Amino acid sequence: MLKAVILIGGPQKGTRFRPLSFEVPKPLFPVAGVPMIQHHIEACAQVPGMQEILLIGFYQPDEALTRFLEAAQQEFNLPIRQTGLSPSTMAALWRIQKRTRFCTMWRNQAHLDGSSGSWPGAGTIRLEQDVFTALSGQGQIYVHLTDGIWSQIKSAGSALYASRLYLNRYQLTHPERLAQLIPGGPCIRGNVFIHPTAKVASSAVLGPNVSIGEGVTIGEGVRLRESIVLHGATLQEHTCVLHSIVGWGSIVGRWARVEGTPNDPNPNDPWARMDSESLFRDGKLLPAITILGCRVRIPAEVLILNSIVLPHKELSRSFTNQIIL
């Protein structure tokens with residue numbers, strides 16, 4: 001029976017993705033218009049003979065995640081479920097070890113390590129180090145090499161970079177998801193995703209690498225580039241948003257400017273990856289993309305540059321290189 005396992009982590013980490021992870025579980029954050037985990041599920045569902053997809057993580061039961069999994073099962077006609085290994089579950093697996101090949105392998109590994117039959121990591125399990133290493137020693141795990149796209153998503157900046165990669169990939173996999181330049185419509189430059197429920201003024205200029213979510217309103221004369229605008233946000237007339245993520249339900253006033261600084265990997269290095277260093281250096285916020293948390297209000301003619309604005313804030317002046325509490 002062929003199964004796919006997708007690791008989705010848990011809410012106890014991922015602090016570099018805040019404040020975006022305050023509103024939805026990180027796997028549901030939209031990348032190129034759809035939840036990031038959907039890209040993985042779509043790829044797994046195309047594997048011949050695939051019969052089940054397991055999401056391994058430590059998220060508590062969540063209404064949004066449950067709804068997504070139910071919809072995904074119907075769309076892909078596959079069992080898709082979330083599961084996790086809590087310390088109590090791991091202890092139970094150990095008491096029945098002789099019944100399963102998996103736990104018997106663990107018992108043998110424990111004896112080799114001199115750990116007297118206890119689980120490694122004092123009640124935690126690390127899939128890559130503790131499971132995959134042991135399986136590889138028994139010839140039960142293999143590596144598949146691919147030249148497809150790959151990017152870690154540990155920060156908001158990397159989510160923006162991943163969105164760009166997937167928007168470009170849509171040209172081959174989902175051309176119907178890319179907005180087209182039509183008479184009387186907005187100016188589209190490069191790859192752009194626009195949710196069918198979004199309202200976009202005809203004089204707006206969008207792209208390249210822009211994703212516009214459900215129920216978004218884009219006013220006349222708006223310039224939007226290298227950015228993600230999330231569900232229910234409003235960009236009023238003549239705003240300019242560059243290298244930024246605009247949070248759910250946020251409002252950017254007329255003639256305001258929201259701009260960030262990209263930290264993309266070296267395009268000339270085929271093995272380059274996103275920089276995952278701290279947001280701070282010497283106590284100062286490093287230049288990076290700008291993030292507006294949910295329901296932030298930016299008034300008219302205000303500049304927000306290289307900043308992180310926490311949810312539910314209404315600003316009255318311009319800010320540069322700051323976390324706005």
Side-chain angles (χ1 to χ4, degrees), residues 14-23 26 29-31 151-165 167 189-190 205-213 216 218 222-230 233-236 238-267 272-325:
T15 54
R16 282 171 290 184
F17 206 73
R18 295 175 182 173
L20 301 173
S21 55
F22 289 156
E23 300 303 310
K26 184 178 173 182
F29 182 81
V31 171
S151 177
Q152 290 180 314
I153 303 182
K154 291 187 175 181
S155 65
S158 57
L160 202 57
Y161 177 68
S163 184
R164 182 194 311 166
L165 295 177
L167 286 170
R189 298 179 177 176
V205 180
L206 312 177
N209 307 314
V210 163
S211 177
I212 297 174
V216 167
I218 306 293
V222 166
R223 180 67 177 103
L224 186 59
R225 176 163 57 91
E226 298 281 354
S227 297
I228 296 174
V229 183
L230 297 170
T234 297
L235 306 185
Q236 295 181 349
H238 305 290
T239 63
C240 182
V241 178
L242 312 174
H243 303 286
S244 300
I245 296 178
V246 179
W248 299 267
S250 291
I251 299 175
V252 182
R254 295 182 301 111
W255 295 100
R257 185 180 182 95
V258 177
E259 183 175 356
T261 299
N263 55 346
D264 298 345
N266 182 358
R273 63 179 183 176
M274 289 294 296
D275 190 356
S276 60
E277 68 178 25
S278 170
L279 293 173
F280 297 91
R281 180 179 296 161
D282 298 327
K284 297 181 180 179
L285 182 66
L286 296 171
I289 73 164
T290 288
I291 306 169
L292 305 184
C294 73
R295 290 178 284 281
V296 166
R297 186 176 182 90
I298 306 297
E301 301 180 21
V302 161
L303 167 66
I304 305 297
L305 178 64
N306 296 331
S307 297
I308 298 174
V309 184
L310 297 185
H312 308 285
K313 300 299 178 185
E314 183 168 353
L315 307 185
S316 59
R317 60 183 179 86
S318 300
F319 289 88
T320 300
N321 277 52
Q322 295 187 49
I323 291 184
I324 303 169
L325 304 175

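Small disclaimer: the values here were computed from a predicted structure and weren't measured.
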Would you compute the distance between atom [atom1] of [X] and atom [atom2] of [Y] and round it to the nearest 0.5 angstrom?
X: Ile291; Y: Leu20; atom1: CD1; atom2: CG; result: 5.0 Å
X: Leu315; Y: Arg297; atom1: CG; atom2: CZ; result: 11.0 Å
X: Ile245; Y: Ser250; atom1: CD1; atom2: OG; result: 11.5 Å
X: Ile298; Y: Thr234; atom1: CD1; atom2: OG1; result: 13.0 Å
X: Ile212; Y: Leu206; atom1: CD1; atom2: CG; result: 4.5 Å
X: Arg225; Y: Leu242; atom1: CZ; atom2: CG; result: 5.0 Å

From the options Val296, Leu224, Val229, Leu230, select the one residue that forms a side chain to side chain contact (heavy atoms under 4.5 Å, CB included) with Val246.
->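 Only one of Val296, Leu224, Val229, Leu230 forms a side chain to side chain contact (heavy atoms under 4.5 Å, CB included) with Val246, namely Val229.
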
Is there a donor-acceptor pair closer than 3.5 Å between any side-chain N or O of Thr290 and the backbone N or O of Ser244?
->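 Not confirmed, Thr290 side chain does not pair with Ser244 backbone.
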
Can you tell me if Arg295 uses its side chain to pair, donor with acceptor, with the backbone of Ala233 under 3.5 Å?
->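 Checked: no pair found.
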
Are Val222 and Val241 close enough that some pair of their side-chain heavy atoms sits under 4.5 Å apart?
->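 Side-chain contact under 4.5 Å: no.
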
If we only count heavy atoms from C-beta on, is the Val252 to Ile304 side-chain gap below 4.5 Å?
->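 Not touching, per the 4.5 Å side-chain cut-off.
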
If the plane angle is over 60° it's perpendicular, under 30° parallel, otherwise tilted; pick one for Phe29 and Trp248.
->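 Phe29 vs Trp248 ring planes: perpendicular.
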
Return the set of residues passing ring pair (Phe, Tyr, Trp, His ring centres under 6.0 Å) with His243 (not counting sequence neighbours), or none when no residue passes.
->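 For His243, no residue satisfies ring pair (Phe, Tyr, Trp, His ring centres under 6.0 Å) once neighbours in sequence are set aside.
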
Should the heavy atoms of other residues, nucleotides or ligands under 6.0 Å from CZ of Arg223 be counted, would the total exceed 12?
->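 Yes, because the 6.0 Å sphere around CZ of Arg223 holds more than 12 heavy atoms from other groups.
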
Would you mind listing every side chain to side chain donor-acceptor pair (under 3.5 Å) that reaches into residues 302-325, with sequence neighbours excluded?
->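 Of all non-adjacent pairs touching residues 302-325, those that pass side chain to side chain donor-acceptor pair (under 3.5 Å) are Thr261-Asn306, Asn306-Asn321.
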
